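Reviewing the structure listed below.
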Protein chains: 2
Amino acid sequence: MQELSQAQGGESSLADRLFVTLRGEIVEGRIAAGSKISEPELARRYGASRGSLREALMRLESLGLLERRVNVGARVVTLSERGLLELYEVREALEGMACRLAAAKRTAEDLVDLHHMLARHEQQEELQAGTAYFQPEGDFDFHFRIVHASRNDLLVDTLCNRLYYRVRMYRYQLGMASPRARSAFREHSHIIEAIEEGDGELAEILMRRHIRASRQNIEHKLR
Amino acid sequence: MQELSQAQGGESSLADRLFVTLRGEIVEGRIAAGSKISEPELARRYGASRGSLREALMRLESLGLLERRVNVGARVVTLSERGLLELYEVREALEGMACRLAAAKRTAEDLVDLHHMLARHEQQEELQAGTAYFQPEGDFDFHFRIVHASRNDLLVDTLCNRLYYRVRMYRYQLGMASPRARSAFREHSHIIEAIEEGDGELAEILMRRHIRASRQNIEHKLR
DNA sequence: CCCCTGAATATTGTCGACAATTTCATGAAA
DNA sequence: TTTCATGAAATTGTCGACAATATTCAGGGG
């Protein structure tokens, strides 16, 4: 029987922890893309009842990580070039808007934080070597921070609590080292610069170009 | 004990039907915005077990129609000016992108359907009188059709299966008659024209302006 | 009069069991 | 060999019950 994630039961329910744990298993490919989910088996493996597990599965479905069919069961989504393309088209629209809003609503504190983040990224050895530009998931991730600076909770929820898990799933399962490390970093700098100057229109354009370039890079890997 | 929606059990589960029914109750305000949800009471009212009801509630949560807190329960979301603004900002980004994509991928059949839809709208008496521009939910809704023409399933899901229910909730509970009826119709025509000519850039700009104008109109009503 | 404390009540989270449906295996017929 | 039917096994959908937690309400102290 496998252990669940660390969080204690006071703040989160068992279904909550199952959800977080399974989300990680799927994103990082330990539960294979396209594979069938067996409720009895998973429930046994994590020592939970089927009811609690089903609650977690439903949340995963609404995240777009599972597909469920009535009386048949759940499957992990399959990765496809089309799915990747669609994901990046949506990101281009939403993160472009996030940049526009962030430029309009930015605070002095936002700017300090964003520059602090860039400085930390710049210290990465892999980035210096140009071999990779690792985005630590969470607070220091560039896109994550920009979206939060938009001050639009719906945008934050849509991107950070929904789409980003699928993005990470594609990244993990296609390898994350990127030949675009240095140019990606430069693009990030320029975007933050535009936000700093309050130029929402430019910030949006730069972000959209950045995401298009990122997509083309991943598409290239896919072949 | 209240009746559930008509769909028979062969294709959909009980939780499915509960979900669809409750979604309508919330969108149309029969379950008041901001009110607390009592699981035992709702389960009794629809003659279902708490388990099935909870499954429906969780889906409503992921739709953004409910907010749930552990060990406390679910509440219907409250309508706010800020929520409305955020919703329209996201729509502006996503539907703008939908237009851009639709212009690039449109088929001859798409164009026939879109013009057919416009012709039907034009026959509405209320539109002729300039008092309202009623958008029948479903296949004939303008935005719905544009989004589908984008051929991006993720975009379709995000807008049509997630955001539009919140849009309809705001519309229902703030009244739907609009002084913009005639100009909205003209804007729709121009957008379809741009899509017809394959001008994605223009179609995107027009759609974004259209949604901004629509938002300002609803915001005006809110005061 | 207001605030705090603690028991009583109600609600939520979790579980195991049963019914309905699907999937799989076996074998017969074309 | 392929296809189709048939029954067995497994899986999913649904339910009611119990434990844990939150809410309510009464009473006492400040």
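Remember, predicted model here, so these are calculated numbers, not experimental data. Within every chain, numbering begins at 1; the chains are lettered A, B, ... in the order of the sequence lines, protein sequences first and strands thereafter.
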**Study point:** Between P of C:dT12 and CG of B:Leu42, the distance in whole Å
**Key:**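 In whole Å, C:dT12 P and B:Leu42 CG are 10 Å from each other.
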Review point. Taking five pairs at each end, how big is the angle between the two axes of the helix from C:dC1-D:dG30 to C:dA30-D:dT1, to 10°?
Key: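 Here the helix ends are tilted 30° relative to one another.
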Review point. Any side-chain heavy atom of A:Glu89 sitting closer than 4.5 Å to one from B:Arg100?
Key: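 A side-chain contact under 4.5 Å is absent here.
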Check your understanding: Taking C-beta and beyond as the side chain, do B:Met97 and A:Val90 meet within less than 4.5 Å on heavy atoms?
Key ->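 B:Met97 does not reach A:Val90 side chain to side chain.
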Exercise for review: Indicate the ring-plane relationship of B:His210 and B:His143, choosing parallel, tilted or perpendicular according to the 30° and 60° boundaries.
Suggested key: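 Judged by the thresholds at 30° and 60°, the geometry between B:His210 and B:His143 is parallel.
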Exercise for review: Can you establish whether the number of heavy atoms outside A:Arg69 located under 6.0 Å from its atom CZ is more than 12?
Suggested key: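 Result for CZ/A:Arg69: open.
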Review point. Does B:Arg91 make a cation-pi contact with B:Tyr88 (under 6.0 Å, within 45 degrees of the axis)?
Key: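 That pair qualifies as a cation-pi contact.
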Check your understanding: Between CD of A:Glu28 and CZ of A:Arg23, what distance do you get to the nearest 0.5 Å?
Key ->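 Those atoms lie 10.5 Å apart.
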Check your understanding: With a 4.0 Å cut-off, would you call A:Asp153 and B:Arg82 a salt bridge?
Key ->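 B:Arg82 and A:Asp153: salt-bridged.
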**Study point:** Contact list for DNA chain C against residues 50-61 of chain B - heavy-atom distance below 4.0 Å
**Key:**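 When residues 50-61 of chain B is checked for heavy atoms under 4.0 Å from DNA chain C, the hits, listed by number, are B:Arg50, B:Arg54.
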**Study point:** Which nucleotide in D:dT14, D:dA22, C:dG16 has an atom nearest any side-chain atom of B:Asn71
**Key:**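 The answer is D:dA22.
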Exercise for review: Over all heavy atoms of both residues, which pair between B:Val147 and B:Cys160 is shortest? Give the atoms and the distance, please.
Suggested key: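 Looking at all heavy atoms of both residues, the closest pair is CG1-SG, 4.1 Å.
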Could you go over nucleotides 9-11 of chain D and give all protein N or O partners under 3.5 Å, atom names and distances?
none

